[in-house]
Amino acid sequence: MTELSGLQIFKYLPAAKKTEHSNCKQCGSPTCMAYALKLAKHQTDIEKCPYAPEELKKIYIESSKQPQKTVEIQGVKIGGENVLYRHEKTFINKTALAVVIDMKKTDWKEKLHRVKNFEITRVNEHLKIDLIITKNGTTPDTISYEDLTKLPLTAINDEDFTNTSERLVNIRRRAIQEKNEKYSDPVYVYFKHTDDLNFLCAKASYYICKYANMLIFEDFDENLMASLMTLRQNIFTDPQKPLQVESKIYEFNNPDENSLIFMTTNFALTFFAVANELESLPVPSYLIVIPAEGMSVLTAWSAEKFTAKIVANTLKKLNFANRVKNRKIIIPGLLAHMKEELEEEIQDFEIVVGTIEAFAIGDFVKNLQSNQG
Ligand code: SF4
């Protein structure tokens, strides 16, 4: 049974049934509806309303059961998922990536060193191997395979793709849709050594999407891990919280007071698309990042998160007009219609309409310079 919504709960309460005690406030909420909405978010207790019928209590308790356990291993949380699809709400804990170090192997120290030192940075996030699992011995900061098998986890040894994928889907469905406790343990898939890293990458990618809580590899390959981490970052982003970067002035290639000035929003993907282009320009530049709740340019504008007032306030806060002599700000081409209103609000700068796509910035700057020259 999926979780009850506020409206579904409300239907059982006195105000919906128009009976005695409607909106009596004894639960501490001003109305039955307010109480129902709080209950749906688990911000209050079902026992606080003395008039909630037994039927509601029963289905509320049943629907509130956590479908999958959360297990913490060496500070890494796995499991705790509530939905089958990310768009229904969000996924909770990303699929952990773990590597096995067999201390009987002659090269184990070298492998351990590579695993510990492997790190990639993507969209502002520093990504490392989540867990190191040792066999035939132990080292600090790792867990032995023996100890791992004692935890409440379901293990799948990956021998056959169809079998593993069907088991993963079946276990997750039973846990989420049926809230069947037999299937509530987080699941890991164990990959033995293989020479076929391409197939390993394809299978591991599928299991990240559906529905492994942890993947354990005997093999360690930097390219494989970087690919999986990149995919995982996309799958496990909370759809309600877009990836953001800090709102500030970013500098590229040591700009001075006459350098080019660009502007965009703090949506991470937009920022990195623009930043990559600015980094590779033959001239230095600034990038002013406006706080727009992590929305992309047009979305931010339509949600009124990128307005002339917000831009003016940001420039003021950053004291930017006093830092530069250049009086031209290049805005994204998608916001061409804002040119006049921006110029009215930001008295210190002229607005130049830039490109719609980030990849065209290089040509745009070339044209700008040849026009000025
Ligand atoms: Fe409604 Fe029950 Fe709260 Fe009274 S105590 S307001 S009946 S929810």
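A quick note: this is a predicted structure, and the numbers were derived from the prediction, not measured. Start at 1 and go down the list; that is how both ligands and their atoms are numbered.
- Residue contact check: Pro14 has heavy atoms under 4.0 Å from atoms 7 (S) of ligand 1.
- Here Cys24 has heavy atoms under 4.0 Å from ligand 1 in both its backbone and its side chain.
- Residue contact annotation: Cys32 places no N/O/S atom under 2.8 Å from atom 2 (Fe) of ligand 1.
- Val311 and Val297 fall within a single hydrophobic cluster, where Ile, Leu, Val, Met, Phe, Trp and Tyr side chains are chained together by heavy-atom contacts under 4.5 Å.
- Closest to atom 2 (Fe) of ligand 1, if we only count protein heavy atoms, is Cys49 SG, 2.4 Å.
- In this structure, Lys111 fails the cation-pi test against Phe220, since its NZ or CZ atom is not both closer than 6.0 Å to the six-membered ring centre and inside 45 degrees of the ring normal.
- The distance from ligand 1 to the heavy atoms of His21 drops below 4.0 Å at these ligand atoms: 4 (Fe), 7 (S).
- Salt-bridge annotation for Glu54 and Lys58: absent, with no side-chain N of the basic residue lying under 4.0 Å from a carboxylate O of the acidic one.
- Scanning the protein heavy atoms around atom 8 (S) of ligand 1, the nearest turns out to be Tyr35 CD2, 3.4 Å.
- When hydrophobic clusters are built by joining Ile, Leu, Val, Met, Phe, Trp and Tyr residues whose side-chain heavy atoms come closer than 4.5 Å, directly or via intermediates, Ile101 is grouped together with Leu97.
- Between the side chain of Tyr211 and the main chain of Leu84, a donor-acceptor pair closer than 3.5 Å is present.
- Not a single heavy atom of Ala15 lies less than 4.0 angstrom from ligand 1.
- The single protein non-hydrogen atom nearest to atom 5 (S) of ligand 1 is Cys27 N, 3.3 Å, given as residue, atom name and distance.
- Minimum heavy-atom separation, Thr95 to Arg232: O-NH1, 2.8 Å.
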